There are 2 protein chains.
Amino acid sequence: MAKVGIKDIARIANVSLATVSRTLRTPDLVQETTRQRVLDAVAASGYKPNRMGMNLRTQRTGNIMAIIPDITNPFNAGLIRAIEEAASNLGYAVLLGDTQSSPEREKQYVDLVEAGQADGMLYFSGRNPFDFDPEKPIAEQIPTMVNSNEELDFDGIDKVMLDNVQAGRDAVQHLLDLGHTRIAAITGPLNTQSAQSRMQGYQQALLDAGIELDDKLVIEGDYQIDSGVEGTERLLRLKTRPTAIFCFNDDMAIGAINVLKSNDYRVPEDMSVLGFDDILYSTYVRPALTTVAQPVEEIGRICAEKLIARLQGDESPPEKTFVAHKLIVRESTGPAPK
Amino acid sequence: MAKVGIKDIARIANVSLATVSRTLRTPDLVQETTRQRVLDAVAASGYKPNRMGMNLRTQRTGNIMAIIPDITNPFNAGLIRAIEEAASNLGYAVLLGDTQSSPEREKQYVDLVEAGQADGMLYFSGRNPFDFDPEKPIAEQIPTMVNSNEELDFDGIDKVMLDNVQAGRDAVQHLLDLGHTRIAAITGPLNTQSAQSRMQGYQQALLDAGIELDDKLVIEGDYQIDSGVEGTERLLRLKTRPTAIFCFNDDMAIGAINVLKSNDYRVPEDMSVLGFDDILYSTYVRPALTTVAQPVEEIGRICAEKLIARLQGDESPPEKTFVAHKLIVRESTGPAPK
DNA sequence: ATATGATCTGAAATCGTTTTCACAGTTTCG
DNA sequence: CGAAACTGTGAAAACGATTTCAGATCATAT
């Protein structure tokens, strides 16, 4: 492409570089007639200010980095869509850091932000990629960021979180209300805060109902469909089986239902299945999934807007925003069998 | 963050800026002892070269832009994942341009590339966002790009495409082989090249089998689950109903199966349903979806690798790469009912 | 001993903008 | 009427790196 730069415009419009820049950035500062001359030249030549020069001079890129474990997970995809929507409205573009949960990739993308390839980042992992000095103020040692989904173990940054303990309780309570007493859980990775919290809620609800905890009913999954499949197969081999399975996300619940049907179980008559996230497909699976909905659009929007507000000078103290979950009862849960 | 720049390193290591830069970029050019001194200073201070300065000087950003209609579509999400994987391996980061099929947003992201915010782009839409002079060589008028999914109506750029006509034929032929003669289609938007081509394949297969085309059996969808739902409802209201539905993507097929089950149709005994894409969920839907698989990983990888090769100086003539589709027969299709 | 070449390094130019500073001309106001 | 304030503009500095060019040093060949 034949590149036309600010110099060319200046020459054509017979003004200085400064005036061209001002016409584009702060039109008020330049006289009507001059401005028009510049604008004509810009229009005629199709000039677009070069972002690299602009970025360097202004010390901002207009990019935000979203660091996320796996974009093929529909929940994450929804998140990214909401983020990109909000960012786009505010004039920012989204750099995608899909890490496949690899700590190295997480670090690599954080490095990129620290090198100034993006102005700030949204961090959807619980692993701390920094080694900062806890004595000194954190804000001066790390890039501007918002943390969500998995909670980092330090304060001083904005966070957007779900009350996973309560969500876990609510899910299990729904099953208890239906008369279930042997309730299994297929969890997320237990080294994550979200899975731990949901687990905690699961245990609290059972204990409150006077039900003894049973290790065998808890199976660690990894949020992939396959681990829902394997977990359910293991549960079906137990001597005393559960009557309900609480899966820590919808994908695993879909895997669970699949196995159950293959083994001629009716859902929910013979076994109830409860999911988490409320992804689009949970409505279209048969039976439609009872699930704990996360407000994915809201989470994505708040994350992006909060980060960008910070980038634009918001200096209010970092805050932890809670978003509300909601139990959506559909067809995959029902009364406990006799 | 207390920023440490190349100047600081130079001062600490007692060398010039040039030597610091050389140590990092072309270590061979600097003497072992000096190099070590610089590296020590870098390690001690945690220096990361600033990308904005670097980008401006080298006239490259290390970003590629992926312009795609909707990241929440699982096929697109898979594509993006493959792209980001390949790009990351080659030292590039992915800027995500989710356009929600809006021409304005497409243009906006293309503008960003033209302004140098990314080095090149992957363009998964069929709408031409440029107005170039067809007389002059195209390569000089548009950014480096690879086009896929929907084909642009001009040559001179790399393309990665599926043979959608043949894929449509193969899908319909499978249904014909099962004895179906009244075969409906729920298409994608008919102003897209992919939907048109699949449609063409659909028609050819029917005509070759001596079956008359019936307008009422063709319903235009938009690749969303809901349009599969609505389309199927319309088909069920017909006086003479089809015995099979060819949906132009899996999401619509999932919607179709849903409606059919709600209306007490058995799939495939009463009605066969055929999808397109082979998304992850097509295995887990009941009945599991017969579908035309696109090699999504391969498409994403090829697109990214081709683009980056171009950016790194590959000057071979632009080429159109075809990738192979494959009919995957699962449970949602069966012999035509009597 | 001198020319030639190879190796290493630093000073300065450069990438394309934005922004500061200075200045000239004009208006406002006491 | 003169000082002060304001308006509009351009020259030059700045952002933070890479790279060109030239010079210094040292080894090698003649």
Side-chain angles (χ1 to χ4, degrees), chain A residues 1-39 41-42 45-63 91 111-119, chain B residues 1-39 41-42 45-63 91 111-119:
Chain A
M1 298 202 288
K3 284 284 68 180
V4 26
I6 198 174
K7 284 207 208 80
D8 303 297
I9 303 299
R11 189 167 25 74
I12 297 172
N14 197 31
V15 294
S16 71
L17 303 189
T19 300
V20 177
S21 178
R22 276 190 284 252
T23 306
L24 267 28
R25 303 297 153 214
T26 48
D28 291 350
L29 293 186
V30 18
Q31 205 183 349
E32 169 66 24
T33 65
T34 330
R35 193 195 320 166
Q36 206 44 248
R37 204 147 28 96
V38 173
L39 289 178
V42 168
S45 64
Y47 166 68
K48 292 191 183 70
N50 177 293
R51 295 286 300 226
M52 299 169 191
M54 193 174 134
N55 293 349
L56 175 61
R57 177 59 229 229
T58 60
Q59 291 296 86
R60 54 181 294 284
T61 61
N63 294 336
D111 282 349
L112 214 49
V113 178
E114 291 185 318
Q117 188 80 323
D119 302 339
Chain B
M1 298 201 287
K3 284 284 67 176
V4 27
I6 198 175
K7 285 208 206 81
D8 303 298
I9 303 299
R11 189 165 28 72
I12 297 173
N14 197 32
V15 294
S16 71
L17 304 188
T19 300
V20 176
S21 179
R22 277 190 284 252
T23 304
L24 268 26
R25 302 297 154 215
T26 49
D28 291 350
L29 291 187
V30 19
Q31 206 184 348
E32 168 66 22
T33 64
T34 329
R35 192 196 320 166
Q36 206 42 250
R37 204 145 32 94
V38 173
L39 290 177
V42 168
S45 64
Y47 166 67
K48 292 191 185 68
N50 177 294
R51 295 287 298 227
M52 299 170 191
M54 195 175 132
N55 293 349
L56 175 60
R57 178 58 229 232
T58 59
Q59 291 295 87
R60 53 181 296 282
T61 61
N63 294 336
D111 282 349
L112 215 48
V113 178
E114 291 185 319
Q117 188 81 321
D119 302 338

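FYI, side chains are in, hydrogens and waters are out, and symmetry mates aren't considered; it's all heavy atoms of this structure. Everything quoted here is computed from the prediction, not taken from an experiment. So you know, we letter chains A, B, ... as the sequences are listed, proteins then strands, and number each from 1.
- Taking the nucleotide of DNA chain C with the nearest heavy atom to each of A/Thr58 and B/Thr58, the more 5' of the two is matched to B/Thr58.
- Note on B/Thr19: only backbone sugar-phosphate atoms sit closer than 4.0 angstrom, heavy atoms only; bases stay farther off.
- With rounding to whole Å, B/Arg11 atom CZ is found 17 Å from C/dG10 atom C1'.
- Side-chain N/O atoms of A/Gln59 include one lying less than 4.0 angstrom from OP1 or OP2 on D/dG16.
- Considering only the side chain of A/Gln31, D/dG8 comes nearest among D/dG8, D/dA17, C/dT9.
- For the pair B/Leu24 CG and D/dG16 P, the interatomic distance rounds to 17 Å; values are reported in whole Å.
- Nearest-nucleotide positions on DNA chain D place B/Gly53 closer to the 5' end than the other of B/Gly53 and B/Ala18.
- Taking each heavy atom of A/Asp119 and A/Gly62 in turn, the nearest pair found is OD2-N, 2.9 Å.
- In this structure, A/Arg25 reaches the C/dT18 phosphate: one of its side-chain N or O atoms is under 4.0 Å from OP1 or OP2.
- B/Val15 comes within 4.0 angstrom of sugar-phosphate atoms only, judged by non-hydrogen atoms across all strands, and of no base.
- Rounded to an integer number of Å, the gap from B/Leu29 CG to D/dT18 C1' is 12 Å.
- Among the nucleotides C/dT9, D/dG8, D/dG16, the one closest to any side-chain atom of A/Thr34 is D/dG8.
- For the pair A/Met52 CE and D/dA14 C1', the interatomic distance rounds to 19 Å; values are reported in whole Å.
- Of all heavy-atom pairs spanning A/Asp8 and A/Lys3, the tightest one is OD2-O, 4.2 Å.
- Note: CD1 (B/Ile6) to P (D/dA17) measures 6 Å, nearest angstrom.
- The two residues B/Ala41 and B/Ile12 make their nearest non-hydrogen contact at CB-CG2, 3.8 Å.
- Rounded to whole Å, the distance from CG on B/Leu17 to P on D/dC15 is 13 Å.
- Going from atom CZ of A/Arg60 over to atom P of C/dT18 covers 11 Å, rounded to whole Å.
- On a pure distance criterion of 3.5 Å, no polar donor-acceptor pair joins the side chain of A/Arg57 and the base of C/dT17.
- The two residues B/Val4 and B/Tyr47 come nearest to each other via the heavy atoms O-CD1, 3.2 Å.
- When rounded to the nearest whole Å, the span between CG of B/Asn55 and C1' of D/dA17 equals 10 Å.
- For B/Leu56, the listed nucleotide lying nearest its side chain is C/dC15; candidates were D/dA17, C/dC15, C/dT19.
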Task: Pair A/Gln117-A/Thr61, side-chain contact (heavy atoms from CB on, under 4.5 Å): steps then yes or no - done: CA-CA 7 Å; A/Gln117 188 80 323; A/Thr61 61; 5.7 Å; no
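- Note on B/Val20: nothing from the nucleic acid sits closer than 4.0 angstrom, heavy atoms only.
- In this model, the phosphate group of D/dG16 is not approached by any side-chain N or O of B/Tyr47 to a distance below 4.0 Å at OP1 or OP2.
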